[in-house]
Amino acid sequence: MSHRIHIADLLRCPTPGASTTVHGWVRSVRVSSEVAFIVLNDGSNLEGIQVVLERTRLPDFDNLCRITTGSALRVTGTLLPSPGARQQYELQIEELQVVGTADSHYPLQKKRHSLEYLRSIAHLRPRTNTFGAVFRLRSQLAQAIHRFFAEQGFLYVNTPIITASDCEGAGELFRVTALPPNGAPRNEGGEIDFYQDFFGRKTGLTVSGQLEGELFAQAFGDIYTFGPTFRAENSNTPRHAAEFWMIEPEMAFADLADDADLAAAFIRYLCRFALEQCSEDMAFFDRHIEQGLLQRIRSVAEADFARIEYDEAIRHLQQATVSFQFPVQWGLDLQTEHERYLTETVVGGPVFVLNYPKEIKAFYMRQNDDGRTVAAMDLLVPKVGEIIGGSQREERLERLLTRMQEMGVPREPLWWYLDSRRWGSTPHAGFGLGFERLVMYLSGMENIRDVLPFPRTPRHAEF
RNA sequence: UCCCCAGUAGCUCAGUCGGUAGAGCGGGUGACUGUUAAUCACCAUGUCCGUGGUUCGAGUCCGCGCUGGGGAGCCA
């Protein structure tokens with residue numbers, strides 16, 4: 001297999017006059033009597049490369065001009081400065097081979113399609129400008145996330161995808177079973193007997209890697225997970241999917257302030273990374289997906305991240321001159337409209353809201369001395385509201401047990417989690433970030449189904 | 001799961017008061033000496049989502065269903 005040159009690399013380090021071979025798919029064909037232009041794209045960049053066919057150089061010119069949108073080509077030619085205005089270089093063709101043809105039924109036309117239509121042809125949409133940009137950004141961001149944590153000395157841990165703990169309260173589990181759908185063995189009470197199932201117990205797909213992540217933090221100090229996560233909720237919104245990817249760092253010997261420091265550094269790093277390393281695609285998003293995107297991301301990359309207490313946030317909202325659809329009252333959770341008001345109007349930039357009422361937060365969050373709040377934090381950013389949610393964890397065994405009892409969380413299935421508080425427990429903290437929501441935030445795409453390669457949502461698992 | 005909106009050509013959509021459907025793009029054919037979603041001319045587009053009903057007559061009105069979108073809840 002010969003080494004294939006990516007078009008992006010070719011254009012990044014051009015050698016004018018050199019003979020070059022590239023491979024890719026036809027985006028556009030423009031034919032005149034003496035010259036024809038084919039825009040070839042191999043996914044490595046947005047623009048692709050313009051290849052030029054001249055009648056005088058190609059005996060087969062008329063036949064080659066019949067090449068259609070969508071065909072796969074292998075072309076050899078000379079890289080030359082382009083006389084055209086829209087590209088610096090172009091490829092003057094000497095040899096052209098059609099690797100795979102595409103007939104006129106090829107669903108992607110040389111025109112703008114709706115995102116809804118492209119969703120129905122998810123197997124072909126990566127060949128469009130928009131989805132090319134989305135999935136290049138997604139790939140680059142995934143690698144940047146690993147680089148960020150690697151630079152900070154974090155250990156990457158793969159927490160289990162199949163789990164037996166369904167008591168995390170984070171949503172409905174998908175069941176994992178090897179029992180036959182009909183005629184599953186029953187126990188004396190008539191219920192399905194999971195003791196006879198593959199794992200000898202009731203299992204499901206993970207809804208969060210946090211609890212296991214905490215265990216690794218108690219051995220390696222700083223860790224993160226980055227993996228698939230599943231929720232069987234019947235949510236039909238632009239922000240929910242049944243299968244998504246989540247990033248969950250966890251730090252031992254750390255408190256809520258350390259947690260916020262990490263989250264701020266993380267978001268700033270990723271904003272800067274996208275602007276600097278994905279500039280062509282980001283400029284495309286700014287032009288075609290969300291006008292003002294670059295300015296929005298730049299301002300976050302350069303911002304000081306403000307910190308306010310939940311109490312303070314409630315007071316701001318109660319004094320607001322605008323009217324909200326949902327009530328504002330101490331003890332109630334913040335709705336998206338409240339979050340956006342805080343970050344967009346009150347602060348005018350990213351803001352952490354700290355220390356929420358314990359009643360609206362999870363059992364594992366550290367109880368504050370005031371007896372009514374826990375050390376939780378949400379990072380709010382303009383346009384979307386909450387983008388990161390985290391907390392300092394309750395490291396004191398007795399306090400944790402009391403809270404679990406109050407909230408009706410059974411302790412027996414979590415014996416291993418509780419053990420981490422029994423021996424060498426440390427103050428520790430972490431947060432969770434939905435990867436797709438990050439990609440949406442940085443690209444301006446407004447539907448989670450358009451930043452997942454093959455989205456899984458209620459009634460949709462076709463591709 | 002609840003509320004709202006939509007479904008007409010390959011795609012995006014128009015279709016008036018109920019009288020058997022139209023545009024742009026795309027496709028085909030031809031023209032054009034360098035195009036940039038090329039341009040110009042000509043040609044062909046159809047289970048009007050499905051189903052039941054009202055009516056002399058339904059793309060149009062009504063019921064049910066399916067699909068898509070938006071909002072809510074849940075959350076990442």
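So you know, we letter chains A, B, ... as the sequences are listed, proteins then strands, and number each from 1. Being a predicted model, the structure only gives us computed values, none of them experimental.
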Presence of salt bridge, A/Asp261 and A/Arg307, under 4.0 angstrom: yes
Whole-angstrom distance between B/U8 and B/C48, as gauged at atom P: 11 Å
Spacing between A/Glu386 atom CD and B/C74 atom P, to the nearest angstrom: 12 Å
Side-chain N,O (A/Ser114) to OP1/OP2 (B/U12) below 4.0 Å: yes
Value rounded to 0.5 Å, distance of CG in A/Leu155 from OH in A/Tyr224: 8.5 Å
N-glycosidic conformation, B/U35 - syn within 90 degrees of 0, else anti: anti
Euclidean distance, atom CD of residue A/Gln335 to atom C1' of B/G73 [Å, nearest integer]: 9 Å
P-based separation of B/C11 from B/C66 [nearest Å]: 23 Å
Separation of B/U35 P from A/Leu80 CG (nearest whole Å): 17 Å
Sugar-phosphate only, base, or nothing, as touched by A/Thr237 at under 4.0 Å among non-hydrogen atoms: base
Sugar-phosphate only, base, or nothing, as touched by A/Ala85 at under 4.0 Å among non-hydrogen atoms: base
Whole angstrom value for the distance that separates C1' of B/U33 from CZ of A/Arg57: 14 Å
Spacing of the C1' atoms in B/G59 and B/G7 (rounded, Å): 11 Å
RNA chain B: 5'-proximal contact among A/Ser33 and A/Leu433 (nearest heavy atom): A/Ser33
Length of the line joining A/Asp333:CG and B/G73:C1', which is rounded to integer Å: 13 Å
Distance between C1' atoms of B/C62 and B/U29 (Å, rounded): 47 Å
Sugar-phosphate only, base, or nothing, as touched by A/Glu90 at under 4.0 Å among non-hydrogen atoms: base
N/O (side chain, A/Arg119) to phosphate O (OP1/OP2, B/G69) under 4.0 Å: yes
Sugar-phosphate only, base, or nothing, as touched by A/Val31 at under 4.0 Å among non-hydrogen atoms: base
Sugar-phosphate, base or nothing in reach of A/Phe326, heavy atoms under 4.0 Å: sugar-phosphate
Pair A/Asp255-A/Arg366, salt bridge (Lys or Arg N to Asp or Glu O under 4.0 Å): steps then yes or no: CA-CA 10 Å; A/Asp255 62 15; A/Arg366 193 176 198 276; over 6 Å; no
For atom CZ of A/Arg449 and atom C1' of B/U67, their distance in whole Å: 12 Å
Nearest-angstrom distance, C1' atom, B/A23 to B/C17: 23 Å
Whole-angstrom distance between B/C25 and B/A41, as gauged at atom P: 10 Å
Whole-Å distance separating the OH atom of A/Tyr117 from the P atom of B/C25: 18 Å
Who pairs with B/C61 - Watson-Crick or G-U, where each distance is under 3.5 Å: B/G53
Inter-nucleotide C1' distance (B/A44, B/A6), Å rounded: 29 Å
Quiz item: A/Glu446 side-chain donor-acceptor pair to B/G70 base, under 3.5 Å: no
Pair A/Arg393 + A/Asp259: basic N to acidic O under 4.0 Å: no
5' precedence on RNA chain B between A/His113 and A/Val29 (nearest-nucleotide basis): A/His113
Touch class at under 4.0 angstrom, heavy-atom based, for A/Glu54 against every strand present: base
Distance, rounded to the nearest Å, where A/Ile360 contributes CD1 and B/G73 contributes C1': 16 Å
Complement of B/C2, any strand, by Watson-Crick or G-U distances under 3.5 angstrom: B/G71
Minimum-distance nucleotide (side-chain atoms of A/Pro238 versus B/G70, B/G34, B/C11): B/G70
Integer angstrom distance from the C1' of B/G69 to that of B/C49: 15 Å
Any A/Arg459 side-chain N or O less than 4.0 Å from OP1/OP2 of B/C66: no
Closest to the A/Asn447 side chain, choosing from B/U1, B/C74, B/G70: B/G70
Any strand: nucleotide that pairs with B/G34 via Watson-Crick or wobble, under 3.5 Å: none
Pair of N/O donor and acceptor under 3.5 Å linking B/C74 base with A/Ser235 side chain: yes
Electrostatic pair A/Glu94-A/Arg57, nearest N-O below 4.0 angstrom: no
Touch class at under 4.0 angstrom, heavy-atom based, for A/Arg27 against every strand present: nothing
Side-chain N,O (A/Asn236) to OP1/OP2 (B/C74) below 4.0 Å: no
Distance-only donor-acceptor test (3.5 Å): side chain A/His240, base B/C75: yes
Side-chain donor-acceptor contact under 3.5 Å, A/Ser82 with A/Glu90: yes
Sugar-phosphate only, base, or nothing, as touched by A/Ser32 at under 4.0 Å among non-hydrogen atoms: base
Presence of donor-acceptor pair under 3.5 Å, side chain of A/Glu116 and base of B/G69: no
Touch class at under 4.0 angstrom, heavy-atom based, for A/Pro107 against every strand present: nothing
Sugar-phosphate, base or nothing in reach of A/Ile448, heavy atoms under 4.0 Å: base
hbond_proxy A/Gln87 side chain to B/U35 base (donor-acceptor, 3.5 Å cutoff): yes
Centroid separation A/Phe324 to A/Tyr341 less than 6.0 Å: yes
Residues that A/Val384 engages under side-chain contact (heavy atoms from CB on, under 4.5 Å), provided they are two or more places apart: A/Val381, A/Tyr441
Polar side chain donor-acceptor pair, A/Gln210 to A/Glu214, under 3.5 angstrom: yes
Sugar-phosphate only, base, or nothing, as touched by A/Phe244 at under 4.0 Å among non-hydrogen atoms: base
